[in-house]
Student: 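Dumping the structure here so I can ask a few things about it.
This structure is a prediction, so every number in the text was calculated from the model and none was measured. Quick note on labels: first sequence line is chain A, next is B, and so on, each numbered from 1.
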Amino acid sequence: MTVIDTPGPVRVRFAPSPTGFLHVGGARTAIYNELLRRARGGAFILRIEDTDRERSDDRMTRQIQDALAWLGLEWDEGPFLQSERIERHREAVAGLLAAGKAYRCFATQEELDAARKEAEARGSAFLYPGTWRDADPAEVARRMAAGEPFAVRLKMPGTAITFDDFVRGHMVFPPEVLDDYVLLRSDGTPTYHLSVCVDDIDMGITHVIRGEDHLSNTPKHVALFQALGGKVPMFGHLPLILGQDKKRLSKRFGATSVEEFRAQGILPQALYNYLALLGWSPGDDRELMTRDEMSAVFTPERLNDSAAVFDQAKLLWMNFQYLTRLSTAELVVELGPFLAEIGLTGVDPVRLATAVELQRPRAQSLRELAESLPMYFAERVEYDPALVEKYKADPTVAPLLAELAARYAALPEFSVAALDEALRHLANERGVKAGFLIHPLRLAVSGLTGGPGVFDLVALVGREGAARRLGEFLALLG
RNA sequence: GUCCCCAUCGUCUAGGGGUUAGGACAUCGCCCUUUCAAGGCGACAACACGGGUUCGAAUCCCGUUGGGGAUACCA
C-alpha cells in the first residue's frame with residue numbers, strides 16, 4: 001500500500017482492554033506496534049483501556065502485562081490506566097462544549113431504542129438524527145436546571161471524512177454514514193471514543209495500528225481529533241485472525257490466548273515469530289526471523305490487508321525450529337515447570353539430560369517433550385494387551401528374550417555398545433535377524449513400538465530397570 | 001437489512017501488465033534406519049467467477065459470488 005508517511009521516530013501504543021486474557025490477535029497488534037517502534041525509534045506505549053469498570057479486572061491487567069513481557073515485548077512508557085485519566089477526558093468535553101463543537105442531548109434511552117427499531121424495520125442503519133444539535137439554549141438550560149440527565153454528543157462536520165490508512169489505502173466516509181455520537185454518557189463517564197482520542201493526543205501518538213474492527217470507528221475519531229485541535233495520527237487497520245473454519249478465531253479450534261500457548265509449551269520466540277508473519281512478510285523468503293531481524297526491515301506498508309487463518313501445525317513446526325536451537329541444558333531449564341506439573345521431579349539430572357537428548361527430535365512443544373519423559377524413570381510401564389498377544393503367538397520369542405535378559409544381566413558394562421553387541425551376538429548365534437529381538441525388547445522396556453534407538457533406551461533405563469521390565473514382560477508372555 | 005473491508009496452492013505468503021506463478025507448513029513418495037521421529041531428496045497443489053481496458057491481465061477497472069467487520073450512552 002503506498003501511503004505518504006514521513007520517516008523518523010514514531011510514538012505508538014498498544015491499548016488492550018483488560019476484559020480477558022491477551023488474545024493472539026491482540027498480541028499480533030502489539031508486535032507490529034513494537035516492530036514499528038524498533039524500526040523507526042521513538043516510543044511504544046502501553047495503555048490499559050479500563051474505562052468499562054464493569055468488565056475490567058485488575059488481575060487481567062496484570063495478566064496482559066505478563067503475557068506481553070513473556071513474549072519479549074518491551075514498552076517504553078506506561079502502563080497508563082485510562083480510568084485514571086477520566087478527569088482529563090471530562091475537561092476535554094467541557095472545552096468542546098464551550099467551543100460549540102459538542103452539545104448536550106436529552107434523548108432518553110427509550111426514544112433512542114424506538115428510533116433504532118424503526119430504522120431496523122426500514123432496513124437502514126440507525127443514525128442519531130441530531131435532535132438536540134440545534135436545540136433552543138433556553139430549553140437546554142431549563143432541563144439542566146431541572147436536573148435532567150444528558151449525554152454529550154460530538155457535532156460531526158457534515159462533510160465526508162477521509163484518511164489514508166497505511167494498510168487499506170485511501171478511505172472515504174460520506175456524511176450519511178456518520179452521526180453525532182456520544183462522548184460523555186449521561187452518568188458522566190467518558191466513552192471509549194473520547195478516551196482514546198484524548199489519550200492519543202496527550203500521548204503524542206503518531207501511528208495507530210489496531211484491528212480491523214476499529215476501521216469504521218476511525219472517521220469518528222478523525223472528526224474528534226480535529227474538533228479537539230489535535231494532530232490526526234496515521235492509521236493502519238489489521239485484518240482479523242481467523243480459525244480453521246474461516247470464522248473469527250474461537251476456542252472451538254483450540255488455544256486463542258497467549259497464556260494457553262505458553263501452557264502448551266510454545267516458546268515465546270516461536271509465537272512471536274509466527275504471529276509476526278501472520279499478516280506481514282519481509283518480502284523475501286525468510287521465515288525464521290528474530291525480533292531484531294524483523295525490526296531491521298519492518299515497514300508498515302508491507303502489512304497484509306486480507307485476513308489470515310491461524311495454523312497450529314505451522315506454529316508447532318516453527319516451535320520445533322526454536323526448540324532445536326536450544327542446547328539440552330537450556331531445554332532442561334525450560335522444561336522445569338512442565339516436569340513439575342506432571343510430577344516428574346527429583347530425578348537424576350544426568351539421566352534427565354540424556355532422556356531429553358533422546359526425545360528432543362520427537363517433540364514439537366515443551367509439553368509434548370515433558371510428557372515423553374516419565375517412561376524413562378517410571379517403576380513400571382504399561383503394555384498394550386494386543387501387542388503382548390502378538391508376541392505370545394510366536395513361541396520362539398519368549399525363550400530368546402529370556403536368554404537376552406540373562407545375558408544383559410551378566411554384562412560387565414551396561415553400555416550402549418555392549419547392549420548392542422550382546423543382542424547381535426545372540427541373534428547371530430540363533431540364526432534370527434536382530435530385528436526379531438529388537439522389537440520385543442523395545443516393547444518390553446518402554447511399552448512402546450517407536451522411539452529412540454533401543455540400546456540407548458535400555459542403557460538409560462538402566463540395569464535394574466531393564467531387568468525388572470523384561471521380567472514383567474516375560475511373565476506376561478507366560 | 002444498511003455501510004465498510006477483503007479475495008494467489010488445503011494453510012501462511014512472494015510476485016504485480018509478457019514468470020515454467022517462487023518459498024514455507026501440511027499431505028504423499030523415496031533415501032537413511034532396529035522402530036518412531038529428525039534429516040536429505042522429490043512429488044502433488046493456486047491466481048473465486050463474469051465482463052471490460054490492453055497487442056497481451058493473476059496483475060488495472062466494473063459487476064457477481066463468497067468471506068469478514070461495523071451497525072451502542074461496549075471497548
Student: Would you verify whether the NZ or CZ of Arg153(A) falls within 45 degrees of the ring axis of Tyr128(A) while also being under 6.0 Å from that six-membered ring's centre?
Tutor: yes
Student: Among all residues two or more places apart in sequence or in another chain, which pass the side-chain contact (heavy atoms from CB on, under 4.5 Å) test with Ser415(A)?
Tutor: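 With sequence neighbours excluded, Ser415(A) shows a side-chain contact (heavy atoms from CB on, under 4.5 Å) to Glu413(A), Ala417(A), Ala418(A), given in chain and number order.
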Student: What does Pro16(A) touch in the nucleic acid at a heavy-atom separation under 4.0 angstrom: a base, only the sugar-phosphate, or nothing?
Tutor: nothing
Student: Cation-pi check for Phe80(A) against Arg47(A): NZ or CZ below 6.0 Å from the six-membered ring centre and within 45 degrees of the axis, yes or no?
Tutor: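 The answer is no, since Arg47(A) fails at least one limit relative to Phe80(A).
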Student: State whether the side chain of Glu301(A) and the backbone N or O of Val167(A) hold a donor-acceptor pair below 3.5 Å, judged by distance alone.
Tutor: no
Student: Looking across every strand, which nucleic acid part, if any, lies under 4.0 Å from Val177(A) by heavy atom: base, sugar-phosphate, or nothing?
Tutor: sugar-phosphate
Student: Provide the distance between the two C1' atoms, one in C32(B) and one in U19(B), to the nearest whole Å.
Tutor: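 One C1' to the other, the span is 36 Å.
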Student: State which residues pass side chain to side chain donor-acceptor pair (under 3.5 Å) with Glu357(A); sequence neighbours excluded, sorted by chain then number.
Tutor: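 Side chain to side chain donor-acceptor pair (under 3.5 Å) list for Glu357(A), sorted by chain: Thr328(A).
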Student: What N/O pairs connect the protein and nucleotides 64-69 of chain B at under 3.5 Å? Give each pair on its own line.
Tutor:
{"residue": "G68(B)", "atom": "OP1", "partner": "Lys247(A)", "partner atom": "NZ", "Å": "2.8"}

Student: Using the test salt bridge (Lys or Arg N to Asp or Glu O under 4.0 Å), find all partners of Glu403(A) that sit at least two apart in sequence or belong to another chain.
Tutor: Arg407(A)
Student: Counting only Watson-Crick pairs (N1-N3 plus N6-O4 or O6-N4) and G-U wobbles (N1-O2, O6-N3), all under 3.5 Å, who is the partner of A37(B)?
Tutor: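 Answer to the pairing question: none, since A37(B) forms no Watson-Crick or G-U pair.
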Student: What verdict does the side chain to side chain contact (heavy atoms under 4.5 Å, CB included) test give for Phe14(A) and Leu68(A), after you've listed the backbone C-alpha separation in whole Å, the side-chain angles of each residue and the deciding distance to 0.1 Å?
Tutor: CA-CA 10 Å; Phe14(A) 175 56; Leu68(A) 290 172; 4.1 Å; yes
Student: What's Ala15(A) touching, base or sugar-phosphate or nothing? Going by heavy atoms closer than 4.0 Å.
Tutor: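 No contact.
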Student: Tell me which donor-acceptor pairs under 3.5 Å the side chains of residues 24-31 of chain A have, and how far apart each pair is, sequence neighbours excluded?
Tutor:
{"residue": "Arg28(A)", "atom": "NH1", "partner": "Leu278(A)", "partner atom": "O", "Å": "2.6"}
{"residue": "Arg28(A)", "atom": "NH2", "partner": "Pro239(A)", "partner atom": "O", "Å": "2.4"}
{"residue": "Thr29(A)", "atom": "OG1", "partner": "Gly25(A)", "partner atom": "O", "Å": "3.0"}

Student: Return the value, rounded to whole Å, for the distance between atom CD of Glu176(A) and atom P of A70(B).
Tutor: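 One finds 22 Å between P of A70(B) and CD of Glu176(A), rounded.
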Student: Below 4.0 angstrom, which residues in residues 423-431 of chain A have at least one non-hydrogen atom near RNA chain B?
Tutor: none
Student: Would you measure the distance from the C1' atom in G10(B) across to the matching atom in A72(B) and give it in whole Å?
Tutor: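 It comes out at 39 Å once rounded to the nearest Å.
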Student: Only pairs with both distances under 3.5 Å count, Watson-Crick or wobble alike; so what is the partner of C55(B) in this structure?
Tutor: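 Checking every strand shown, C55(B) finds its partner in G18(B), with both distances under 3.5 Å.
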Student: Which part of the nucleic acid, if any, lies within contact of Ala313(A), taking any heavy atom under 4.0 Å across all strands shown: a base, the sugar-phosphate backbone alone, or nothing?
Tutor: sugar-phosphate
Student: Pull out every residue in residues 280-287 of chain A that has a heavy atom closer than 4.0 Å to any atom of RNA chain B, ordered by number, or say none.
Tutor: Ser281(A), Gly283(A), Asp285(A), Glu287(A)
Student: Under the salt bridge (Lys or Arg N to Asp or Glu O under 4.0 Å) test, which residues partner Glu118(A), sequence neighbours left out?
Tutor: Arg122(A)
Student: Please give the distance between the P atoms of A58(B) and U53(B) as a whole number of Å.
Tutor: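 Between the two P atoms, the distance is 15 Å.
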Student: Once each nucleotide of nucleotides 42-47 of chain B is scored for protein heavy atoms under 4.0 Å, what B/S/- sequence comes out, 5' to 3'?
Tutor: ------
Student: Tell me which residues in residues 435-451 of chain A put a heavy atom below 4.0 Å from RNA chain B, sorted by number, or none.
Tutor: Ile438(A), His439(A), Arg442(A), Thr449(A), Gly450(A), Gly451(A)
Student: Starting from C1' on A38(B), measure out to CG on Asp456(A) and report it in whole angstrom.
Tutor: 14 Å
Student: Any strand is fair game: report the nucleotide pairing with C47(B) by Watson-Crick or G-U wobble, both distances under 3.5 Å, or none.
Tutor: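 Pair assignment: C47(B) / none.
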Student: Count the heavy atoms of every other residue, nucleotide or ligand shown that sit under 6.0 Å from CD of Glu382(A), and state whether that count exceeds 12.
Tutor: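 Check fails, neighbour count at 12 or below.
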Student: How close or far is atom C1' of U13(B) from atom CG of Asn273(A), stated in whole angstroms?
Tutor: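 Those two atoms, CG and C1', are 14 Å apart.
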Student: In whole Å, measure the gap between the C1' atoms of C12(B) and C47(B) for me.
Tutor: 16 Å
Student: Look for any protein N or O under 3.5 Å of an N or O in nucleotides 29-33 of chain B and output each such pair with its distance, or none.
Tutor:
none

Student: Using purine N1 to pyrimidine N3 plus N6-O4 or O6-N4 for Watson-Crick, or N1-O2 and O6-N3 for G-U wobble, each under 3.5 Å, what pairs with U65(B)?
Tutor: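 A7(B) is the nucleotide pairing with U65(B).
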Student: Under the side chain to side chain donor-acceptor pair (under 3.5 Å) rule, collect the residues that match up with Arg248(A), sequence neighbours excluded.
Tutor: none
Student: For G18(B) and C36(B), measure between their P atoms and round to the nearest Å.
Tutor: 48 Å
Student: Using a heavy-atom cut-off of 4.0 Å across all strands, would you classify Phe320(A) as base, sugar-phosphate, or nothing?
Tutor: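 Contact class for Phe320(A): sugar-phosphate only.
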Student: Which whole number of Å gives the distance between the P atom of A48(B) and that of G67(B)?
Tutor: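 These two P atoms come out 16 Å apart once rounded.
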Student: In whole angstrom, what separates Gln321(A)'s CD from C25(B)'s C1'?
Tutor: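 Rounding to the nearest Å, CD of Gln321(A) and C1' of C25(B) are 10 Å apart.
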Student: Under the 3.5 Å rule, do the base of A26(B) and the side chain of Lys314(A) count as making a donor-acceptor pair?
Tutor: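 Between A26(B) and Lys314(A), which were checked side chain against base, a qualifying N/O pair under 3.5 Å is absent.
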Student: For C32(B), which nucleotide in any strand shown is its Watson-Crick or wobble partner with both distances under 3.5 Å?
Tutor: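 The base-pairing partner of C32(B), which may sit in any strand shown, does not exist here.
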